[in-house]
Amino acid sequence: MNDSAVYDHSKIEANWKNKWFADNLYEAVDFSPKPKKFILAELPYPSGKYLHVGHMMRYTVPEIYSRYLRMKGFNVLFPMGWDSFGLPAETFALKSNSTPRKVLDQAIPEYKKSMMDMGYAIDWTREIDTSQPDFYKWTQWMFLKMWEAGLAEIKEMPVWWCQALGVLADEEVLTKPDGTRVSERDNHPVERKIFKQWVLKITKYADKMLDGLDKTQYTPSVKQAQVNWIGKKEGINITYKIVDDSGKDTKKTVTCFTTRPDTNFGATFVVIAPEHPLVEQITPKGQLGKVQKYVKDALNKSELQRTSEKTKSGIFTGTYALNTLTKTKMPIFVADYVLAQYGTGAVVGVPGHDKRDFEFAKHYGLPILRVVVGTDGDTTEITKVEQVQEESGKMINSGFLDEMDINKATDIMINYMEEKGYGEKHTTYKLRDQIWSRQRYWGEPIPLVYTKDNEIEPDYNLPLKLPELTPEVMSGRKDFPTLDQFQEFISTSDSKGREAKRETDTMPTWAGSNWYYIRYIDPKNTEEFANYDKLKYWLPVDKYYGDAGHTTAHLLYTRFWYKFLYDLGLVPHTEPIMYRMSGGLLLGEDNRKMSKSRPEFVVNPEDAVQNYGADAVRTYLAFIGPYDETYPWCTDGLKAIARFIKNAFSLKFKVKNNIKDTEVEKAYNKMVKTVTEMCEGFKMNTAVSQLMIFVNLLKKKDEIDIDIWKGFIRVLAPFAPFVAEELWQEINGFETWKKENSVHLASWPDYDKTKIADDTFQVPVQINGKVRAVIEVTKDISEDEVKAIAYKNENVKKFLNSQIPGKVIYIKEKILNIVL
RNA sequence: GGGCGAGUGGUGGAAUGGUAUACACGGCGGACUUAAAAUCCGCUGGCCGCAAGGCUAUAAGGGUUCGACUCCCUUCUCGCCCACCA
């Protein structure tokens, strides 16, 4: 046997890999006349020495899809890069006793090698690295644009904070099942602290982001998640006069946001958040000490304490809000169940119709009034939380609203209050401004300068580079210094040449990820972040694949950033991404999340590729199940795929010219048709099973026609690119490698519909919906003929039992159902 | 508590109104082998039956339909995201 007789995956893969990448086979061509497809997979953040098998799970299926599209005649952009700023690299560096740059410079080539070993069809000339100055220059530039537009502000904000990592964004904090909050990275306990923070005013784009959803093809659930995250609510801000114990006007007011002003006749108290500025202003001196103590305790309470408390805590301020409708005095409380950041930070308590208010009222002995009656007609006193009515009903005990449906009453009350000047219609959002600073070293420096007069000026001399972590800087340190510890970095001059100081916060982990995908389009441009005409050619992203945890917030921020660039006329469309799908998880063989604590269940992708070949690993990851679901790794499954690849390879010895086999011909055309449909539908798992069915048939044959073989190789190519290339080169007799002869630039085969059509087909015969026989009939048979054949069938006769059929349903080529 | 999604053999899954369990794993039986591995062949949802065949099964219950894993309602369970959001 010669060399080519044995399937040796290591040899085949090493050979083709080098040739492909040397010739940049998967080049994405700017302005190609072919139609474009931009297939985007979230770039990894290197946080360890090697690529994780979970990454491969995420990338393989979209990559197969991108190969399919290329063969279908599209100019495909399937790029890759490194999201390398932020905590992951810092933590990785600290663990390695090194610096972020050094560990990245080691890890990135390893990650890249793993991707090349997998044969990923990436145009590496477009590689990006978000922590390189030529990239972050533009992140800084865009931030300055935001600042110019008034969308970047410095604000006092309560933020999550932990000793080890400093300030964290909400998204970097996880809630454990017991209610405690910890940092996403390394599980440090976190607490709430007030800090000055740069924030981006994403809320200004809330409505644009809601409206833009119509322009996308997101699935309903992705759209719904965007809508929910934005959380637009229309209601009214009602302003109440505040009086003291004796009923004297204090000249102060409290404004409460509510979506349910219809229940205002049932309002019996007001609650303000501990952080609310009114706390200090309205609390009488005698009361102030006690109230301040409550506020302090509330703010310092851990999340665990807050959520584990059975009763809602609060304290009476000693003053009252006047309910103009009922002319009653509503005591004003401070309580930590009211959030400072949502609405006005003050809530009007309607205990009969809000569960939280009910619990609070019950605990403090406040009156509970019924102003809505449900379908049960119950108008008795509300004593249990189950009786609290929230969703529907009619108004009672509510003056001019009585008998009205609650929705109508809401409208009428809003108009009434506006007319009387008690309140104003108001729209509020759950969406919060995005925190844009952190007190860490490894991030984009914020290019702003504080003058002597404490004015803020932009520094357009970009990139503003991070100071280096020299051995001198690091000597005697365990953690990285923050920028305020680099004197040379801090001191600068303002636009008038006077001494000034730099901002020492850096940008958050996700700064680069808000726009990184744009840079793939023009990664080497030094004049602008990307050439507009190139953007016009490549954008929007056709499909975006990534981690399920990034489906909502990351997508929203990406859309916000893009819409901002659009408003500046810098990008060509209003929506950057047309479609989003998130991948499931790959669990260990023990059906649990792969974890370093159970190393025996952690799959090392390098080992898998070495032992079974990249083609097998790729095809296995495609075959294992639908992209968006979660399932365990199974080594036996991988072995089976390795066997399949080997079987497919061995078929080559049977290939001959001019073999006529109608069974194979039909099966081939069916296979091409279904695999094509399944690739279109992103169902790579069933596409692989179609390939298996076809190979199982070919295995039984002694000879295979060369044209069918060539077609099969092309269909196999996106899944198992190495073996496909090997077989393709061999069958075509290409002796020396030429890029244009690659199977991966060959066209996807067509199929012949006429060869698929069966002359006969099977019709199940049902009696009362149960299959009693299957009859074989010819193609253009009439309904009557089908019936005649069916009635002759012994089993059908048996079940008809000489009865006369009442109704007979015949669906052509599908089914015959006889109803007795 | 809210939103979204899912529940099908021993396992991963297939079928989105028309023969439920494709494809694959695992298991069982057999061939080859001194033996094992590898490979190949056969069987494999459950129950009854020698067989033909029958009954039964897609989380549970109900409904629509000639026909339901698929559509609708109720309940349960799991996953993800959000969560004292007024």
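Letters A, B, ... are given to chains in the order of the sequence lines, protein chains preceding strands, and every chain is numbered from 1. This structure is a prediction, so every number in the text was calculated from the model and none was measured. What's counted below: heavy atoms across the whole structure, side chains too, no hydrogens, waters or symmetry copies.
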Please name the nucleotide paired to [N] by Watson-Crick or G-U wobble geometry with both distances under 3.5 Å, or report none.
N: B:rC4; result: B:rG79
N: B:rC25; result: B:rG10
N: B:rG67; result: none
N: B:rU74; result: B:rA60
N: B:rU16; result: none
N: B:rA35; result: none

Could you measure between the two [atom1] atoms, the one in [N] and the one in [M], and give it in whole Å?
N: B:rU58; M: B:rG13; atom1: C1'; answer: 13 Å
N: B:rA22; M: B:rU74; atom1: P; answer: 34 Å
N: B:rA68; M: B:rG17; atom1: C1'; answer: 7 Å
N: B:rC23; M: B:rC43; atom1: P; answer: 12 Å
N: B:rG10; M: B:rG67; atom1: C1'; answer: 31 Å
N: B:rA36; M: B:rG45; atom1: C1'; answer: 33 Å

Query raised in the report: Which parts of residues 808-816 of chain A get close to RNA chain B, meaning a heavy atom less than 4.0 angstrom away?
Result: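 Within residues 808-816 of chain A, the residues near RNA chain B are A:I809, A:I811, A:K814, A:I815.
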key: Heavy-atom side-chain proximity of A:Q226 to A:K223 below 4.5 angstrom   =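 The answer is no; the side chains never approach within 4.5 Å.
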Listed pairs, N/O of protein and of nucleotides 9-13 of chain B, under 3.5 Å:
unit_1 : atom_1 : unit_2 : atom_2 : d
B:rG12 : O2'    : A:I624 : O      : 2.8

*Of all heavy-atom pairs between A:Y627 and A:G546, which one has the smallest distance, and what is that distance?*
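Of all heavy-atom pairs spanning A:Y627 and A:G546, the closest is OH-N, 4.1 Å.
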List the atom of A:V279, the atom of A:A273, and the distance in Å for their closest heavy-atom pair.
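Heavy atoms of A:V279 and A:A273 come nearest at CG2-O, 3.8 Å.
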A:R772 side chain N/O closer than 4.0 Å to the phosphate oxygens (OP1, OP2) of B:rG53?
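Answer no for this pair, as no side-chain N or O of A:R772 is under 4.0 Å from OP1 or OP2.
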query = Taking only side-chain nitrogens and oxygens of A:K770, does any of them come within less than 4.0 Å of OP1 or OP2 of B:rG67?
reply =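 Indeed not, no polar side-chain atom of A:K770 lies that close.
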N/O donor-acceptor pair, side chain A:N817 with base B:rC66, under 3.5 angstrom: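 For A:N817, whose side chain was compared with the base of B:rC66, there is a donor-acceptor pair (under 3.5 Å).
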Partner residues of A:T778 under the side chain to side chain contact (heavy atoms under 4.5 Å, CB included) criterion, sequence neighbours left out
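A:T778 satisfies side chain to side chain contact (heavy atoms under 4.5 Å, CB included) with A:T760, A:I781 only.
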What's the closest nucleotide to the side chain of A:D636 if the choices are B:rA86, B:rC84, B:rG26?
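So the nucleotide nearest the side chain must be B:rG26.
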Flag the pair A:F644 / A:F623 as yes when their ring centroid distance falls below 6.0 Å, and as no otherwise.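 Judged by ring-centre distance (under 6.0 Å), A:F644 and A:F623 do not meet the cut-off.
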B:rG9, syn or anti by chi within 90 degrees of zero =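 Syn conformation here, the glycosidic angle of B:rG9 being no more than 90° from 0.
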Report which part of the nucleic acid A:N696 touches: base, sugar-phosphate, or nothing (heavy-atom distance under 4.0 Å, all strands).
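Contact class for A:N696: sugar-phosphate only.
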When all nucleic acid strands are considered with a 4.0 Å heavy-atom cut-off, which category describes A:F799: base, sugar-phosphate, or nothing?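 The residue A:F799 makes sugar-phosphate contact but no base contact.
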Other residues, nucleotides, ligands: >12 heavy atoms within 6.0 Å of A:K201 NZ: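 Counting neighbours around NZ of A:K201, more than 12 heavy atoms of other residues, nucleotides or ligands fall under 6.0 Å, so yes.
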### Message
Classify the ring geometry of A:F333 against A:F316: parallel below 30°, tilted from 30° to 60°, perpendicular beyond 60°.
### Response
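Tilted.
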